[in-house]
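Have a look at the structure below before the remarks.
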Amino acid sequence: MLKLRSLVPARCVAWNRCLTSLSGETKKAVDKENFLPKVEEEEKDMPRLHKNEKVLISHIIQDIQRKPLEVPTIIGDEPEYTMDNQRVSSPHQLTTVLAQVYFANRKQIESAINSALAAQSTWSLVPTPQRLAIWRRAADLIEEDQSRLVVFLVLSLSKTLDDARRDIRRLLSSLRANADYLEHLSDLRFEIQGNRSVFPSFHLRPLDGFVAALAPFESVALSASLALCPALMGNSVLWNPSLEVAPVSFLILRAFQEAGLPAGVINFVPSNKRLFLDTITDAVHFAGLNCQCSASEFRHVHKMVGDKMERYICFPRLVAECPGQNFHFVHASAKIETVVTASVQAAFGYAGQYANSLSRMYVPSSLWPRLRDKLVEATNSLHIGNPVKPITDMGAVVNVESFRQMQQLMERTENMERLCGGICDDSIGRFVQPMIVRVDDPLDPLLSEPFVGPFLPIFVYPDDSFADALKLTANQSRYALSGSIFAKRDEVILHCLNQLRMSASNLYVNERCTGSHLGLTPFGGNRLSGTNDKSGSAYFLMRWSSPLLIEETVADPVRNNR
């Protein structure tokens with residue numbers, strides 16, 4: 001939670017000392033022909049895995065490839081295998097089938113709604129300590145099986161081993177932190193001053209109806225959180241994960257079932273997104289949607305719900321996190337090594353597919369020559385290939401739509417100053433070489449519209465136009481998810497924070513716009529980047545509660561005058 005006192009210059013000095021101490025990345029070899037790791041370089045430079053861990057990972061990979069996971073629709077506790085069978089393949093090795101996901105049809109989605117409504121009447125009455133025990137037990141079970149989950153993330157989402165481990169750690173932190181948050185919220189009390197005969201009590205009820213969760217592919221921690229946070233607050237949920245993350249989401253749900261989650265509390269319904277939205281918004285007891293989607297998709301949801309508002313028994317809560325056009329704003333006083341390291345990680349980590357990946361960068365002309373050379377050198381040193389190998393820095397683009405968007409960006413920027421990259425190759429997997437371009441027009445849509453993939457446009461501004469560049473950064477995009485400021489001088493940092501406070505809901509100082517990998521911090525965006533409900537905090541849990549206040553007045557007994 002951002003505290004106002006963190007904006008004072010003295011605090012910024014501490015941030016600056018701590019966060020600018022990052023060193024440049026170690027240069028690694030790249031096979032630019034087919035993006036596949038070089039064996040001899042792997043043997044020389046890669047971080048050594050523990051021998052037992054390497055054997056375990058190899059065994060899990062062989063097991064998954066030998067027998068793909070079957071992921072059914074789950075209504076109540078009954079698995080259902082439909083005729084709509086979707087295949088999940090490795091983005092970096094398209095011929096490798098990892099899972100078969102059975103999509104739900106309209107009838108099954110409607111059955112899941114009935115199952116959720118039937119389960120909520122009892123689930124909402126389960127005491128908070130019992131719910132917390134289930135969450136903590138599930139976290140322990142997931143931690144015990146995390147090696148298998150990590151491998152599934154690597155194979156199905158083309159995450160590097162480090163990225164996949166961080167994703168699982170974030171999931172575990174989220175589960176345990178949310179349990180702690182609810183424990184504290186349950187102790188919340190109201191005091192009424194001046195009337196000793198009134199005894200108030202505060203109860204965290206669930207919403208009146210069912211909640212739907214529409215999850216993206218980028219993170220299993222996010223996918224699970226969208227469904228599990230409402231369920232923790234006593235709601236019953238329909239969980240619709242994207243196809244790519246459905247296998248790992250299914251394994252997470254199985255851990256919760258083993259931990260004692262009652263049947264019907266979470267109904268697992270992977271399906272066509274439009275069919276899912278149309279069916280749930282037709283239901284009279286539709287109480288809320290928790291999702292991550294594009295701004296256009298969220299507008300569509302608002303229109304659907306608005307057109308059907310007369311049929312609902314309550315006003316549905318619509319919570320969304322949408323992608324951003326996330327920025328790095330560099331001042332002339334910034335430390336170049338810090339800017340380079342943070343920018344390469346933020347733009348090209350997970351192939352630029354996070355909602356808060358770096359999308360635009362503003363650099364002063366005095367720093368540009370040195371920054372350009374170091375940025376290109378660091379980008380070209382990234383190792384792109386099979387994410388199973390520890391040497392790999394970046395895997396493949398996950399879905400076809402993102403790959404085609406990157407191809408279009410390559411064509412669109414042919415006449416721009418392209419500093420590096422510009423190759424898309426889907427002969428083996430959907431590999432895209434990270435691309436950096438210099439944009440001369442400050443109003444170019446590349447600096448204002450979101451995209452998904454390893455692509456970084458940079459605008460170079462004159463040093464004497466610092467104020468104008470800052471205004472451009474603040475107002476150019478209608479999206480406001482995350483951003484970073486790079487500077488050494490405290491007065492500059494404070495001025496930038498004040499000017500950019502509405503242009504991002506997550507602002508960082510001398511740190512990448514994707515934030516630190518350490519710990520669990522609240523996250524969310526404003527403007528067209530979402531409803532800014534700050535997932536990862538107690539505030540987010542309260543969004544899925546309909547509090548009840550009960551006042552009991554104890555008066556003197558009425559005397560009989562006879």
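From a predicted model like this one, the values you see are computed outputs, not experimental measurements. What you see below is based on every heavy atom in this structure, not just the backbone, and it leaves out hydrogens, waters and symmetry mates.
For the pair Asn510/Lys488, no side-chain contact is recorded, criterion being any heavy-atom separation below 4.5 Å from C-beta on. Inter-residue side-chain proximity for Leu528 and Arg299 is flagged as met; some heavy-atom pair is nearer than 4.5 Å. The shortest side-chain heavy-atom distance between Leu318 and Asn290 does not fall under the 4.5 Å cut-off. Here the side chains of Leu367 and Pro364 are in contact, with some heavy-atom distance below 4.5 Å. Leu375 places a side-chain heavy atom less than 4.5 Å from the side chain of Ile458. No side-chain heavy atom of Pro323 sits under 4.5 Å from any side-chain heavy atom of Leu481. Side-chain contact check for Met361 versus Val339: some heavy-atom pair is nearer than 4.5 Å. In this structure, the side chains of Ile57 and Lys54 stay at 4.5 Å or more apart for every pair of heavy atoms.
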Inset, instruction - Report the C-alpha distance between Thr514 and Asn356 in whole Å, list the side-chain angles of each, state the deciding distance to 0.1 Å, and finish with yes or no for side chain to side chain donor-acceptor pair (under 3.5 Å). - result: CA-CA 6 Å; Thr514 49; Asn356 59 338; 5.2 Å; no
Inset, instruction - Evaluate side chain to side chain contact (heavy atoms under 4.5 Å, CB included) for Ile423 paired with Val432, printing each intermediate quantity in order. - result: CA-CA 6 Å; Ile423 299 175; Val432 178; over 6 Å; no
Inset, instruction - Decide side chain to side chain contact (heavy atoms under 4.5 Å, CB included) for Ser484 and Leu507; before the verdict, give the C-alpha distance in whole Å, the side-chain angles of both, and the deciding distance to 0.1 Å. - result: CA-CA 6 Å; Ser484 295; Leu507 271 173; over 6 Å; no
Inset, instruction - For side chain to side chain contact (heavy atoms under 4.5 Å, CB included), just list the numbers for Ser359 and Phe451, CA-CA rounded to whole Å, side-chain angles, deciding distance to a tenth of an Å, and then say yes or no. - result: CA-CA 8 Å; Ser359 305; Phe451 51 82; 4.1 Å; yes
Legend entry - Stepwise salt bridge (Lys or Arg N to Asp or Glu O under 4.0 Å) check, Asp140 with Arg176: CA-CA 10 Å; Asp140 292 341; Arg176 289 164 176 154; 3.0 Å; yes
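Arg166 and Asp163 are joined by a salt bridge, as a carboxylate oxygen and a charged side-chain nitrogen come within less than 4.0 angstrom of each other. In summary, Arg169 and Asp162 do not engage in a salt bridge, as defined by a charged side-chain N under 4.0 Å from a carboxylate O. Taking a cutoff of 4.0 Å between a charged side-chain nitrogen and a carboxylate oxygen, Lys335 and Glu337 do not qualify as a salt bridge.
If you take OG on Ser249 and CG on Leu226, they are separated by 9.5 Å, rounding to the nearest 0.5 Å. Rounded to the nearest 0.5 angstrom, Gln292 CD and Phe298 CZ are separated by 12.0 Å. For the atom pair Asp393 CG and Gln345 CD, the distance stands at 9.5 Å (nearest 0.5 Å). Within the model, atoms OG1 of Thr160 and CG of Asn386 stand 11.5 Å from one another, a figure rounded to the nearest 0.5 Å.
Residue pairs that meet the ring pair (Phe, Tyr, Trp, His ring centres under 6.0 Å) test with at least one member in residues 468-490, sequence neighbours left out, are His328-Phe486. Annotation: salt bridge (charged side-chain N to carboxylate O under 4.0 Å, His left out) contacts involving residues 430-442, sequence neighbours excluded, comprise Arg438-Asp440. Residue pairs meeting the ring pair (Phe, Tyr, Trp, His ring centres under 6.0 Å) criterion with at least one partner in residues 342-368, sequence neighbours excluded, are Tyr350-Tyr354.
Listed for the Asn506 side chain is a donor-acceptor partner under 3.5 Å among the backbone atoms of Gly524. Within the 3.5 Å criterion, the main-chain N or O of Val452 finds a donor-acceptor partner in the side chain of Gln405. A distance-only check finds no donor-acceptor pair linking the side chain of Asp63 to the backbone of His59 [under 3.5 Å]. For Ser505 (side chain) and Gly525 (main-chain N/O), no donor-acceptor pair under 3.5 Å exists by modelled atom type. Not a single donor-acceptor pair under 3.5 Å links the side chain of Gln499 to the backbone N or O of Cys496. A donor-acceptor pair under 3.5 Å is absent between the side-chain atoms of Ser503 and the main chain of Ala474, judged by distance alone. Between the side chain of Asn399 and the backbone N or O of Ser402, at least one donor-acceptor pair lies under 3.5 Å. Under the 3.5 Å distance criterion, the side-chain polar atoms of Gln353 are left unmatched by any main-chain donor or acceptor of Val397. Looking only at distances, a side-chain donor or acceptor of Arg512 sits under 3.5 Å from a matching main-chain atom of Gly515. Side chain of Ser173 to backbone of Arg170: no donor-acceptor contact under 3.5 angstrom is found.
Dense packing is recorded around CZ of Arg412, with more than 12 heavy atoms of other residues, nucleotides or ligands lying under 6.0 Å away. Within 6.0 Å of CZ on Arg404 lie no more than 12 heavy atoms contributed by other residues, nucleotides or ligands.
Judged purely by distance below 3.5 Å, without hydrogens or angles, the side chains of Asn326 and Ser482 pair a donor atom with an acceptor atom. The closest side-chain donor-acceptor pair between Gln325 and Gln476, if any, does not fall under 3.5 angstrom. No hydrogens or angles considered: nothing links the side chains of Ser89 and Thr96 as a donor-acceptor pair under 3.5 Å. A side-chain donor-acceptor contact under 3.5 Å links Asp167 and Ser219.
Nearest heavy atom pair, residue Pro387 against residue Ser158, reads CG-OG, 3.7 Å. Residues Phe152 and Pro247 come closest through the heavy atom pair CE2-CB, 4.0 Å. Minimum interatomic distance between Ala487 and Ile493 (heavy atoms only, all atoms of both residues): O-CD1, 3.6 Å. Here the closest heavy-atom approach between residue Pro91 and residue Leu155 is recorded as CD-O, 3.4 Å.
In this structure, Phe466 and Phe329 have tilted ring planes: the angle between them lies in the 30° to 60° band.
Under the side-chain hydrogen bond (donor to acceptor under 3.5 Å, both in side chains) criterion, Asp145 pairs with no residue at all, not counting sequence neighbours. Residues passing the side-chain contact (heavy atoms from CB on, under 4.5 Å) test with Thr413, sequence neighbours excluded: Met416, Arg418, Met435, Val437, Leu446, Phe455. The side-chain hydrogen bond (donor to acceptor under 3.5 Å, both in side chains) search around Glu321 returns none, not counting sequence neighbours.
The side-chain contact (heavy atoms from CB on, under 4.5 Å) test with Val245 singles out one residue from Leu222, Ile252, Val220, and that residue is Val220. When each of Asp533, Asn178, Val319 is tested with Cys229 by the rule side-chain contact (heavy atoms from CB on, under 4.5 Å), just one qualifies, namely Asn178.
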